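Some notes on the structure that comes next.
What you are looking at is a predicted structure, and each value in this text was computed from that prediction instead of being measured. Note that the numbering runs from 1 along the sequence shown for the chain.
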Amino acid sequence: MKNIKIIICLLFVSAEVYAERRRSAKVRLNALLILSVGLISIGGQAQQLQSYIEEAEANNPEIQAFELRYNIAEERVNEANWLPNTEVSAGYFVSEPETRVGAQRARIGVKQMLPWFGTITARENYATSMAEAEYVEITIAKRKLALSVAQSYYRLYETRAKQKVLDENIQLLKTYERLALTSVEVGKASAVDVLRLQIRQNELQQQKEVLDEEFNSEQTTFNNLLNRDENRTVDLVTAMEIPEDEPIYGTDALSLNPELLKYDKLYESIAQSELLNQRESLPMVGFGVDYLPVSERTDMNPIDNGKDVLMPMVSVSIPIFNNRYKSISRQNELRQKEIESQKEQQLNVLESAFAKAISQRNQARIKFNTQAKNLKQAKDAEQILIKNYETGTIDFNDVLDIQELQLKFQMNQIESVQMYYVQQSIINYLIQ
């Protein structure tokens, strides 16, 4: 009867261990596919991560500041449509000069200078090119924000996934603890084995509590990126796995990166600045009129006696000493060369970052696959131990060693998944 009781207990515990492992496997097999920096969940759910990114773009103060800078740059296009101040002059003759038709009493003049043809258009084009350069800055800021949100999201997922694995392993250790207690009753194990299992549970509980603190800190960071209450709950997907296939990218895709397009826009703005400089180096034409009131003569009555004088005038402002404009042209030429060098250097930086991200993404896949193999072998070893227990030869030191290995492999898998998607988000930032 005692042997039958032991066998029934063994069957019960073994079934519980198998059920626990099946639940763990089921959780790990719930895969989700991540496209770009957006996260699309299975079952037609909303694009969770993408909605967070859109919320961040709408609320983030830094993005709002960049948009205000762009609005200011746009307004400068209207500012460019201006003319020099109209000159109005007036004078009174203290000693009135006598003319044939009478004495001149005063002089009133109005003059307006006009820039050369096309100068205002060139000024507007330059302001527009500067506004376009500011818009590229908005695009860069939004992409960097999206990258930060995505990476923070993946760190939150990593922490939460590790907590779930720890929960599963704690429950598994409790199952082993019950197994050890049963073994103690029949003299197949010592109380030390039970205590070691309990100590191991305490260690895992400690790791879980530390991860709780990490999660709360990262959740605050995530919510601050979205500019919302730092204690607000972040909805996370249940599980993620590395997809079987992935697109192949070439460095040619880097040419569309806004960090490179920014230099193209700056180069264009300097070209527009040079066109404006050429226009401003041309003469300015002025049009005006002088009005001189004349007093009537009393000693005689000549023709047009006391007739006021109205004198239209045309003036030209010629930039004879034009070293300033020559210097500006030289500066623009040098600035364009500087921008070309900066763009080339930035391309090198992006290519290096792209190669590193591709390499680390591939490393994550390799590590994930290796951990999957190791985890399978650890499970096989676990099953061997369970079967050995049924024959009465279990070693709880081996049980703890296998459990520790399985936990290590599970944690490494989660880290590999997190690394894969972080690197994928960097790749998307660089090429899309």
Residues [X] and [Y] bridged, charged N to O under 4.0 Å:
X	Y	value
K164	E168	no
R228	E55	yes
K379	E382	no
K111	D290	no
K208	D212	no
E415	K162	yes
E203	R200	yes

Would you say [X]'s side chain and [Y]'s backbone share a donor-acceptor pair under 3.5 angstrom?
X	Y	value
R123	A80	yes
R76	T128	no
N227	N59	yes
S329	Y325	yes
N277	S273	no
D308	V294	yes
R279	A122	no
N223	R232	yes
T119	P115	no
S425	V422	yes

Exercise. Kindly indicate, with the supporting measurements, whether the criterion side-chain contact (heavy atoms from CB on, under 4.5 Å) is fulfilled by E351 and L254.
Key: CA-CA 8 Å; E351 286 179 346; L254 293 173; 3.5 Å; yes

Practice problem: Check the pair Q48, Y153 against side-chain hydrogen bond (donor to acceptor under 3.5 Å, both in side chains), reporting the backbone distance first and the verdict last. | Solution: CA-CA 10 Å; Q48 192 177 61; Y153 184 92; 2.3 Å; yes

Out of curiosity, [X] [atom1] to [Y] [atom2], how far, rounded to the nearest 0.5 Å?
X	Y	atom1	atom2	answer
L347	K343	CG	NZ	8.0 Å
L172	L166	CG	CG	12.5 Å
L156	Q418	CG	CD	10.0 Å
I366	Y420	CD1	OH	12.5 Å
K367	N374	NZ	CG	13.5 Å

Exercise. Please step through side-chain contact (heavy atoms from CB on, under 4.5 Å) for the pair V417 and I242, ending with a clear verdict.
Key: CA-CA 6 Å; V417 170; I242 296 177; 4.2 Å; yes

If I compare all heavy atoms of [X] with all of [Y], which pair ends up nearest, and what's the gap?
X	Y	answer
P283	V316	CB-CG1, 3.9 Å
I63	E57	CG2-O, 3.6 Å
L260	S255	CD1-CA, 4.2 Å
S416	F368	OG-N, 3.7 Å
D235	Y52	N-OH, 2.9 Å
L225	N60	O-ND2, 3.1 Å

If you count every heavy atom of other residues, nucleotides or ligands that lies below 6.0 Å from [X] atom [atom1], does the total exceed 12?
X	atom1	answer
N348	CG	yes
L310	CG	yes
Q206	CD	no
Y135	OH	no

Does a side chain donor of either [X] or [Y] reach within less than 3.5 Å of an acceptor in the other side chain?
X	Y	result
S327	Q331	yes
S359	Q363	yes
Q413	Q371	no

Practice problem: Determine, step by step, whether K337 and E340 satisfy the salt bridge (charged side-chain N to carboxylate O under 4.0 Å, His left out) criterion, reporting the C-alpha distance in whole Å, the side-chain angles of both residues, the deciding distance to 0.1 Å, and the verdict. | Solution: CA-CA 5 Å; K337 291 181 179 179; E340 288 177 346; over 6 Å; no

So do [Y] and [X] actually touch side chain to side chain, heavy atoms under 4.5 Å?
X	Y	answer
L275	Y126	no
L145	V149	yes
M419	Q423	yes
L173	L204	yes
R335	Y267	no
Q205	I170	yes
T221	E218	yes
V136	D264	no

Quiz item: Is there a side-chain hydrogen bond (donor to acceptor under 3.5 Å, both in side chains) between Q403 and N169 once you walk through the steps?
Solution: CA-CA 8 Å; Q403 183 274 331; N169 279 268; 3.0 Å; yes

Self-check item: Residue that, paired with Y429, satisfies side chain to side chain donor-acceptor pair (under 3.5 Å) out of E259, Q424, K144
Solution: E259

Quiz prompt | side-chain contact (heavy atoms from CB on, under 4.5 Å) between M130 and V77, worked out | solution = CA-CA 9 Å; M130 292 301 295; V77 178; over 6 Å; no

Exercise. Apply side-chain hydrogen bond (donor to acceptor under 3.5 Å, both in side chains) to E177 and Q201, showing your working.
Key: CA-CA 10 Å; E177 182 184 353; Q201 290 178 52; 2.8 Å; yes

Self-check item: Cation over ring face, R107 and F93, 6.0 Å, 45°
Solution: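 Geometry flag: not set, cation outside 6.0 Å or 45°.
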
Practice problem: In sequence, state the C-alpha distance, the side-chain angles, and the governing distance for T370 and F409, and then conclude on side-chain contact (heavy atoms from CB on, under 4.5 Å). | Solution: CA-CA 9 Å; T370 301; F409 299 150; over 6 Å; no

Exercise. Could you walk me through whether Y421 and Y157 pass the ring-ring contact (aromatic ring centres under 6.0 Å, His included) test, one step at a time?
Key: CA-CA 11 Å; Y421 284 109; Y157 164 77; 8.2 Å; no

Practice problem: List the steps and the verdict of side-chain hydrogen bond (donor to acceptor under 3.5 Å, both in side chains) for E214 and T159. | Solution: CA-CA 7 Å; E214 292 181 4; T159 305; 4.5 Å; no

